[in-house]
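To start, the structure under review is shown below, and the notes come after it.
A, B, ... follow the sequence lines: proteins, then strands. Residue 1 opens every chain. Computed over heavy atoms, backbone and side chain alike; hydrogens, waters and symmetry mates excluded.
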Number of protein chains: 2
Amino acid sequence: MTKARVTVIDIAKAAGVSKSTVSLVLQGSSLVNEGTRSKVNAVMRELGYVYNRGAANLRQAGAKSRIVGVVVNDLTNSFFAELAVGVDMVVQSAGFVQFLSNTGESIDRQREVVASMREHGISGLIVSPARATDAADFKPLVAAGIPVVVVVRNLPGAKVSSIVSDNRAGMVSAVRHLAGLGHKRIAFLGGFPDTAVFDDRLAGYRSGVEAAGLDFHEELVISSAPSRAGGVEAIGKAIALGRRPTAAVCFNDAVAFGVCDGLRARRLEPGADFAVVGFDDVIEAQAAVPALTTVSVDPQGIGRRGAQMLLKQINAGKAEAEAVTTAVRLVVRESCGAGKTASARAGKSVKSKQDAE
Amino acid sequence: MTKARVTVIDIAKAAGVSKSTVSLVLQGSSLVNEGTRSKVNAVMRELGYVYNRGAANLRQAGAKSRIVGVVVNDLTNSFFAELAVGVDMVVQSAGFVQFLSNTGESIDRQREVVASMREHGISGLIVSPARATDAADFKPLVAAGIPVVVVVRNLPGAKVSSIVSDNRAGMVSAVRHLAGLGHKRIAFLGGFPDTAVFDDRLAGYRSGVEAAGLDFHEELVISSAPSRAGGVEAIGKAIALGRRPTAAVCFNDAVAFGVCDGLRARRLEPGADFAVVGFDDVIEAQAAVPALTTVSVDPQGIGRRGAQMLLKQINAGKAEAEAVTTAVRLVVRESCGAGKTASARAGKSVKSKQDAE
DNA sequence: ACAATTATTTGGAACGTTCCAATTCTGTCA
DNA sequence: TGACAGAATTGGAACGTTCCAAATAATTGT
């Protein structure tokens, strides 16, 4: 129960050196004699000294606080939780620590947390922006020389780095797979049309359809909330169609699960009676029955990659914005009807390959 | 692209007042004249001032940095992700910000992140300790007057607050439910025996069994890793038993899912041929087929509650440790064989009630 | 109009660190 | 031995805020 906090001056006094020397030791400078260094270290341990990073980066103005901010729009979604874990891994082993906040798609909340993070002097920010985020919102940050990396959702006008998955290519391969299984009418289900991610995935769907020599039908594109409930709704409309589709690619896995629910409610078995393909490859995808065929995007990898990019920019002082899109791959399981029969070894993922049943 | 950071002094100069006055405004003091206040605020907005919290809490020594540290052992597990979201909610709306780190059950990592958080001057810590955490590890923190709240896993010897779910009662009600369905041989599957949580749940199982007038058989307790794979393993051993059980309560949901896998591999249908009950109620529980009957612990609620407790202690200066255990409730779905037949409306949770089929 | 209050405002002096310039200590070499 | 280079150390002065005591301005009562 020591009263006052032990400071660098206390250490200096106890070790019989000056505070400057202690500071030097703290920074691992090579200027200090080996003997003094170990003595100082010993005293620090003995007195239970804890470094005061706040004071430090008050002095080294504007420099490195070793804090990175991480803002995600929905931590409840395991996709983002994985992403955060990825970020944490590289950030942590670089000696940084992460401020993590959840916006729950609230743009106000987002503004608040970003402001708060700024006050705390973050040296960089990784953000998966809430829907309808204004690109200008991050202007002040970059103007202040704080690197920003946008992940998962692109932010059209902003001059910041971004890293998004290859939504287009993912959908193309999903459609190609279904077409290879003989499907002629393939629907695109779910998602809000006002987002960049939706546009990309839809574009991929369209070019996949055309590449397969099929016709693109407007009516087969049915948008809905990107949720399980949305999926139920979308498949309902799809089935009500005059010429109903026999397969669907879904905006994301949540929608795909909803589609499966909707199918079963109509006594149709996903996989056998109707092919379903998701997008994201959330952890539940391989656990579900039938296991979901889906486009895997490796959120943790995105997190790691984004963190690396950010750290690079932090260290470089000021790097210019770069935009990378990460590869995705189709993981064929059961819900598309192509997988081997359900076995206890569910979850064994198979590289995209058109092994028709 | 302003060069230097704008400080309280710049504001003072521009507004024609002293820095002290600006500081007063910043803290919302009632001492300052309404006119000056609004003028200062205007100037701040105009110059794009950002508060430097680091400098501030350097001065108000040891006081409030408005940062709380959150350390979880496995963020990938949606249980903990939800918990983090719960914490974030209350912490955020109290004007705090959270440092979140993931230990991945590594005790070294845990030590590192806690140290790092301390250097950053957190004003409190919420931690779900990694397995085999030494109670003494948090001694320095509390000695320094930093409140610590342990969640989910108890830390026997430590003089810190804790909030854990009522593991015992949960298991009692699970067993009671199964017994009410007519099961006579109920197994306890999964989990590592060296943890406090395991002990509690096992104790609950035992007293549930005895309360139902059944005999406790050592052989029906089969431990394993608390994972899906562990569940597969455990059910394998259970089935190999001379007199095999007809139902099982599982250490957690992951184990329960593994048990279902293992049953299906042996052509047994969970729910119909063998009753399975989990623990935790992770989000996948209601999505799975069959939907998992499980003990719901509301991780988000624990997060909220823990955060409130922590904030209370932070504000109180120094509150003594309190230990709370939160109520749990059995959610009856399909995997125990008691649920209504699987419908599209899966996920409708039912309050524990012995509605035998 | 004057003292007595009360309402505002204000210069330093901290807080714990890092940086700079300057100092003291070693040897070493002529 | 004295000069000199290099190694090791050191005393302030910052950094941007808050706090304190004290000063100034505005208001009141008489």
Any N/O pairs under 3.5 Å between the protein and nucleotides 4-8 of chain D? List them or say none.
none

Discussion item. In whole Å, I'd like the distance from the CD atom of A/E119 to the P atom of D/dT17.
Written reply: 10 Å

Worksheet item: Does the side chain of B/T103 come under 3.5 Å of the side chain of B/S106 through a donor N or O and an acceptor N or O?
Response: no

Worksheet item: If we only count heavy atoms from C-beta on, is the A/T133 to A/Q110 side-chain gap below 4.5 Å?
Response: yes

Worksheet item: Could you give all pairs that pass the salt bridge (Lys or Arg N to Asp or Glu O under 4.0 Å) test and reach residues 298-309 of chain B, with sequence neighbours left out?
Response: none

Worksheet item: Below 4.0 angstrom, N of the basic side chain to O of the carboxylate: do B/E105 and B/R153 qualify?
Response: yes

Fill in: Atom-to-atom span, CG of A/L58 to P of C/dA14 - whole angstrom
17 Å

Worksheet item: How long is the line joining CZ of B/R5 and C1' of D/dA14, in whole Å?
Response: 15 Å

Fill in: Shortest non-hydrogen contact from A/P129 toward A/V151
CD-O, 3.9 Å

Item to complete: Quickly work out the A/N52 CG to D/dT17 P distance and round it to whole Å.
Response: 16 Å

Fill in: Residues which pass ring pair (Phe, Tyr, Trp, His ring centres under 6.0 Å) with A/F99, listed by chain and number, not counting sequence neighbours
A/H120, B/F99

Item to complete: Round to a whole Å and report the spacing from CG of A/L26 to P of C/dT17.
Response: 7 Å

Worksheet item: Does A/G69 offer a backbone N or O that forms a donor-acceptor pair with the side chain of A/Q98 under 3.5 Å?
Response: no

Worksheet item: Between D/dT10, D/dG16, C/dT10, which one does the side chain of B/T21 approach most closely?
Response: C/dT10

Polar atom pairs between nucleotides 19-23 of chain D and protein, under 3.5 Å, N or O only, would you list them?
unit_1	atom_1	unit_2	atom_2	d
D/dC19	OP2	B/Q27	NE2	3.1
D/dC19	N4	B/S20	OG	3.4

Worksheet item: Taking atom P of D/dT17 as reference, at what distance in whole Å does atom CE of B/M44 sit?
Response: 11 Å

Worksheet item: Angle, rounded to 10°, between the helical axes spanning five pairs at each terminus of the helix from C/dA1-D/dT30 to C/dA30-D/dT1?
Response: 50°

Practice prompt. Using heavy atoms to find the nearest nucleotide of DNA chain C for A/V22 and B/G16 separately, return the residue whose nucleotide is more 5′.
Written response: B/G16

Worksheet item: Between B/P147 and B/Q313, which heavy-atom pair has the shortest distance, and what is it?
Response: CB-OE1, 3.4 Å

Fill in: A/L24 CG - D/dT10 P separation (whole Å)
10 Å

Worksheet item: A/N57 and A/S65: side-chain donor and acceptor closer than 3.5 Å?
Response: no

Worksheet, complete the sentence: Residue set satisfying ring pair (Phe, Tyr, Trp, His ring centres under 6.0 Å) with A/Y49, at least two apart, ordered chain then number -> none

Fill in: Protein-nucleotide distance (A/I9, atom CD1; C/dT18, atom C1'), rounded to Å
12 Å

Discussion item. A side-chain contact here means heavy atoms from C-beta on lying under 4.5 Å apart; do A/F138 and A/V114 qualify?
Written reply: yes

